[in-house]
Every structure is written in C-alpha cells, then in structure tokens.
Amino acid sequence: MPEATEADDLDPGDGVRIDLISSERMEGLATMEKIRMILDGVHEGNIVILEEGLTPDEESRLIEATMAEITPDEFNGIEIETYPKAGSRESSLIGRLMGGDGGANKLTVIGPANQIQTLHKDETLISALVSRQ
Amino acid sequence: MGLFTELKDSISRVTDRLFSAEEPKRIGIYGPPNAGKTTLANRIARDWTGDVVGAESRIPHETRRARRKENVEIERDGKTVTIDIVDTPGVTTKVDYEEFTDEMDKEDAIRRSREATEGVAEAMHWLREDVDGVVYVLDSAEDPITQVNTMLIGIIESRDLPVLIFANKIDLEESSVKRIEDAFPQHRTVPLSAKEGDNMDEVYDSIAEYFG
C-alpha cells in the first residue's frame, strides 16, 4: 500500500484524486473523526469513497458539519451517493424496536458539489461525472 | 449498551409516544427545498388557528429558520389532537449563493445562503433531539429517489420517529403519487395539494391517527 505522503506529493493539477477508504480504517474512528476525514478530503477537491457507508446518525451529522463549512466562492457543499440499503423497505417493527441505527453496509461516494455530478444511480450502479475545478 | 437495555429503551420511547397525551407533539415538517413545506404549514395553521407560520416563495430556501406554530388543535371525529408544527428549511447537502443571484444582488444572495446553511444545520440537529414525529413533504411532480430523501427517511427511521409522507402538488399535471408510494412503500403516503387545499380531510385524519 503506498504511503499517504506519496499521494500527498502528487500535483492536484494532474487530475482528480480519489481516496478509497476501507471499512477497517473507518472502524476505529469516532463519528466526528470520520466526518473530519471526509470533509478534509472533499475540501481538497478529492472524491472520497467509503467501503462501508455511514450510519444514519453519522449522515445527519455530516450534513450538519457540511452546512457549517459552506463559504461563498470557496466551498458550496457536497454531493453524496450511496446504494440503497438492502432490506430497508422491509424494516420491521422488531428491527426498529431493537434500536437499530440502520447499519452502514453500503458503499458511499462523497465529493465536492461543484465537481461531482451523478449521472445515473440504481441499486447496483452509481455513475458519476467528476470534473476538475 | 446491552441488548436488553436497548430493547427496554426502544419500547419505552415507543410507549412514551403512544401514551403521553398531555403535551402537544412536536411535528417537524421536513423535506427537500421547494416541496411546499411552508405552504402546507400555513394551510394547517390557517385552517385551525386562523394564522400563518411563514412566508412562501418560489425561490429555494425561503424558509431559512425553523418556525414553530404552537398548540394547533385539530378536531377529528369529535376528538381533539394538539400539535406544535415545526416548519423547517429544505434539507440539502449543498447551497450555492449563485442560485439566488437572478432574483437578488450578490450581497443578499450570500446572506440568504448563509442563513440557509445555518437553518439546515439547525433542522438536522432538531431532528436528532427535538421532534416527536415527522411529516415528510415531497413534490409529487419530481423524482422522489434522491440521496437527500433516502438519507433523511433513513435518519428518521433510525430514530423510530413516526413519519407520514405527504405527496404534495397533486394539482400539477406531471404529478405521480404512485412514484412516491413505490419509492417508500414502508410508509403511508397521503396525496394533497397544500396550495389548492385538495384532500386536506385525509391529511388531518392521518395527522390525528399518527400523532394524536
């Protein structure tokens, strides 16, 4: 696996950087650490792909944190896409009673709103157009 | 937290909602921008209190601060249900001030976008902390399967909040209530036109049934 410093050395003018973050790396992080890592990446113009998506609670905190960081002419927010969670439509009362946080077993793509545009999305495919700034 | 503690807490939350009739329920009106949330909030408030909640506009993010109309008493079948309506800003993951520059100068557009971002953050915070139920308003002329909608419905479900989906703008030719029912079949969908006042009887029946 390449060292993070090698990736950091790349000139962003060469293209769009994509960070694919494994579930293992996310596992040990607290909610705000995950959100900070995502937003730091997006602020740098990167596309962040999470092998394991965020829980609903983390998603709501990500929206809240994103709103706090929007600044005119600099950062106007994020685009986020995930596959629909399998079985969510059959969510049972028992499942909800068990206090389920919804789980986070879906791949998630997050990028700067001014650079990423979703072209197509269904249960098995997310097709996105990524442009340089 | 142990399994039994979680189960006990969950059951306790559900029973609290079912049996604590003394306090008005805080019902958050959530949904994407321009779905007609404020028009609906005003329609309900006007019908039952003679007053309105806030200004309506075709420009996105007209509602930039959550507004509350307290003690709205809705009478159905001789029974009165009291709710506090919380009209929230349209939830989004991005706000670009340039969206508003056709309608106003740059300074006002920037101010509007700043207020909108604060309003969305506040609405998300309240969803986690401060609402007892949700009316999720969708524009039935638009595709409901968007990331924000699926994410918001997921967040609401994860909090065990009772939720009604309102398919608004059925007066529009392109409206498709079925598209919304198919997108979220796990929830009850009520068609309406908040602007025209169509199907408001069913709206009030369902509010009384779900949140009473």
Side-chain angles (χ1 to χ4, degrees), chain A residues 39 42 53-85 87-104 106 108-118 121-123 126 128, chain B residues 1 3-14 89 91-99 101 106-107 109-114 116-129 143 145-148 150-162 182-187:
Chain A
L39 286 179
V42 172
L54 300 170
T55 65
D57 188 67
E58 287 167 343
E59 285 174 342
S60 83
R61 288 173 197 274
L62 175 64
I63 297 174
E64 197 176 336
T66 301
M67 290 298 120
E69 297 187 12
I70 288 177
T71 47
D73 290 327
E74 284 176 30
F75 177 64
N76 59 14
I78 59 170
E79 277 291 349
I80 175 167
E81 288 292 352
T82 63
Y83 294 117
K85 196 173 64 196
S88 64
R89 290 179 181 181
E90 285 79 47
S91 60
S92 63
L93 177 63
I94 285 294
R96 296 208 303 275
L97 279 174
M98 297 307 275
D101 205 18
K106 53 208 189 295
T108 299
V109 182
I110 305 155
N114 61 343
Q115 271 177 272
I116 187 168
Q117 184 192 347
T118 305
K121 177 185 163 186
D122 63 28
E123 289 185 8
I126 294 170
Chain B
M1 191 186 281
L3 184 66
F4 287 108
T5 315
E6 275 185 37
L7 183 61
K8 197 174 135 200
D9 280 358
S10 294
I11 291 171
S12 163
R13 282 202 302 275
V14 171
V91 174
T92 179
T93 59
K94 58 191 173 193
V95 178
D96 184 350
Y97 79 90
E98 289 186 0
E99 276 180 62
T101 49
K106 185 176 174 182
E107 202 177 307
I110 288 173
R111 188 170 55 243
R112 191 182 187 90
S113 70
R114 281 211 180 103
T117 57
E118 286 167 19
V120 173
E122 194 175 64
M124 295 312 298
H125 186 77
W126 285 10
L127 184 57
R128 289 197 306 271
E129 309 287 338
D143 180 3
I145 305 180
T146 67
Q147 185 63 29
V148 164
T150 45
M151 212 156 64
L152 258 284
I153 295 287
I155 292 166
I156 291 161
E157 286 174 350
S158 78
R159 307 211 72 78
D160 294 330
L161 291 170
D182 289 347
F184 303 105
Q186 72 274 35
H187 298 293

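Each chain gets a letter, A, B and so on, in the order its sequence line appears, and its residues count up from 1.
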Please report the C-alpha distance between A:Glu69 and B:Thr117 in whole Å, then the side-chain angles of each, then the deciding distance to 0.1 Å, and finally whether the side chain to side chain contact (heavy atoms under 4.5 Å, CB included) criterion is met. CA-CA 9 Å; A:Glu69 297 187 12; B:Thr117 57; over 6 Å; no
Region of A:Ser60 that comes under 4.5 Å of a non-hydrogen atom in chain B: both
Shortest non-hydrogen separation from B:Ser158 to A:Pro56 and the atoms involved: OG-CB, 3.4 Å
Measuring from B:Thr150:OG1 to A:Glu81:CD, what's the distance to the nearest 0.5 Å? 7.5 Å
Could you pull out the closest heavy-atom pair between A:Asn76 and B:Asp96, with the gap in Å? ND2-OD2, 3.4 Å
Grab the two heavy atoms, one from A:Met67 and one from B:Thr93, that are nearest each other, plus how far apart they are. CE-C, 3.6 Å
In terms of heavy-atom pairs under 4.5 Å with chain A, the winner among B:His125, B:Met124, B:Arg128, B:Lys106 is B:Arg128
Quick one: pull up NZ in B:Lys94 and OG1 in A:Thr66 and give me the separation to the nearest 0.5 Å. 12.0 Å
On a heavy-atom basis, the closest approach of A:Ile63 and B:Met151 is CD1-CE, 3.3 Å
Side chain, backbone, both or neither: which part of A:Ile70 has a non-hydrogen atom closer than 4.5 Å to chain B? side chain
Tell me, side chain or backbone of B:Leu127 under 4.5 Å from chain A's heavy atoms, or both, or neither? neither
Looking at CD1 of B:Ile110 and CG of A:Asp73, how far apart are the two atoms once the value is rounded to the nearest 0.5 Å? 6.0 Å
